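Working notes for the structure below.
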Amino acid sequence: MNSIKENAAVADESKFKYERILTGDRPTGPLHLGHYVGSLKNRVRLQDKYETFILIADIQALTTNFEHPERLKENIFLVALDYLACGINPDLSTIIIQSMIPEIAELTAFFSMLVSVNPLRHNPTIKTEAKERGYKELTYGFLGYPVSQTADIAIFKADLIPVGIDQLPHIELARKIVRKFNELYNCNLIKPFALIDKFSKLVGLDGNLKMSKSYGNAINLSDNFDLIKTKIRSALTDENRIHPTDKGNPEICTIYSYHNAFSNENLIRETEYDCKNGKIGCVKCKENLFKIIKELLEPMNERRSYYLNKKDEVWDILFTGTKKAGLIASDTLKEAKESMKISYSFS
Ligand code: SF4
């Protein structure tokens, strides 16, 4: 098996200069600390280095939430608010509402002709997500969302996609689809590379491998501090530890994994030592973590309050970004259709 470094789908910054990254989220509800650790923190860093496009993928949200399209508008706003609170700077990052770019749907249709169903069925990310959600039958939209993701990437001419290692099959598929399209129609759409995120997932408060809104085990970025304190108090620790003087195993403790994600080196080491040697109680250890998370979220809350008082400004940021991205999308679609020799119009 290829190592990450050797994999052709992974960016090699020593050989190429990358310019535009595309990243995004499905607006299915407020974002949480798992999103922060898994991607938002990295995006804030990357926006200084690359032209950053962030797609709020409301159409893709329907792949799993099609019964409730009426919730999308509110969720789009909440996700945008979370971005701005985290430090996404609208002067550096272009935030886009997917459904307002109809060219994506059109390019998705063209790409879908080039993909057979079996590779989608066997796509590990699709399989895992379908299993997690208990889907026995997959809808056409759910099965095809890697194709529409490919259209998202190609339409905005993005050359770099920050992803976790588990998302790599999507990028490989995207490259295959774009390569096939280019070869077949003599086109020149950009083949994306994956930029592998070093930090990956945060476990849920219940110890579940993944923090997720749908599992009810998440600390939302917008939760108030009383609620966060309560959630931290309820988190799963080393269950064999009854008294503060019992020797514990931090490796199986949710709180310790959060210390690893958010605390400084000293506190991480101290927590590990004190837990293993029965020198700290879980209550105190959780209080320490709460303080760290509070410090992280305080500046976010300030930005959140600012934008909550200026809702129109948030929508304006979204519409301005979408308009800018729309120009690129229409240019790409024109190029694609001309290559396919299906560029006809009323005159
Ligand atoms: Fe977890 Fe801290 Fe309790 Fe150890 S002391 S089990 S690390 S909460």
Side-chain angles (χ1 to χ4, degrees), residues 25 28-45 82 85-87 128-129 131-133 164-167 196-302 304:
D25 297 281
T28 52
L31 302 181
H32 50 66
L33 284 176
H35 292 111
Y36 179 75
V37 167
S39 61
L40 296 173
K41 189 179 167 191
N42 199 30
R43 282 181 207 168
V44 173
R45 186 179 64 81
D82 281 331
C86 278
T128 308
E129 193 174 349
K131 196 173 160 201
E132 279 174 7
R133 292 177 182 277
I165 189 73
D166 57 331
Q167 295 280 316
I196 301 295
D197 274 350
K198 299 251 174 356
F199 212 104
S200 47
K201 287 198 177 80
L202 208 59
V203 296
L205 289 159
D206 55 359
N208 189 303
L209 276 181
K210 192 173 159 194
M211 183 176 274
S212 162
K213 184 179 70 85
S214 45
Y215 299 156
N217 63 6
I219 296 176
N220 295 331
L221 297 170
S222 50
D223 283 346
N224 67 51
F225 289 136
D226 284 342
L227 181 57
I228 293 176
K229 203 180 261 180
T230 307
K231 285 184 175 180
I232 288 177
R233 275 197 203 121
S234 75
L236 188 75
T237 58
D238 174 358
E239 289 176 300
N240 295 320
R241 233 177 153 233
I242 313 289
H243 308 290
T245 48
D246 291 344
K247 293 185 176 177
N249 180 3
E251 296 306 326
I252 57 168
C253 174
T254 307
I255 295 294
Y256 180 68
S257 74
Y258 295 165
H259 272 298
N260 257 320
F262 300 108
S263 299
N264 63 39
E265 285 298 318
N266 281 347
L267 185 56
I268 297 169
R269 244 180 302 165
E270 205 178 294
T271 303
E272 184 185 3
Y273 178 85
D274 287 352
C275 176
K276 281 182 174 169
N277 293 286
K279 290 183 181 299
I280 187 172
C282 294
V283 172
K284 174 75 178 123
C285 188
K286 288 175 172 179
E287 279 169 11
N288 291 346
L289 177 75
F290 171 70
K291 271 189 214 150
I292 299 289
I293 290 181
K294 188 167 177 263
E295 271 171 32
L296 172 77
L297 295 182
E298 262 164 357
M300 292 189 202
N301 285 353
E302 266 178 44
R304 183 184 302 282

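Indexing begins at 1, ligand by ligand and atom by atom, following the structure's order. Quick caveat, the model's predicted, so the values are computed rather than measured.
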Pair E272 + K276, salt bridge at N-O below 4.0 Å = yes

What do you reckon, is CD of E132 surrounded by more than 12 foreign heavy atoms closer than 6.0 Å?
-> yes

Could you tell me whether the side chain of N288 reaches within less than 4.5 Å of the side chain of H259, counting heavy atoms only?
-> yes

What do you reckon, is NZ of K229 surrounded by more than 12 foreign heavy atoms closer than 6.0 Å?
-> no

What pairs with E295 under salt bridge (charged side-chain N to carboxylate O under 4.0 Å, His left out), at least two apart in sequence or on another chain?
-> none

Closer than 2.8 Å to atom 3 (Fe) of ligand 1, which protein N, O or S atoms?
-> C282 SG

F225 CZ: over 12 foreign heavy atoms closer than 6.0 Å | yes

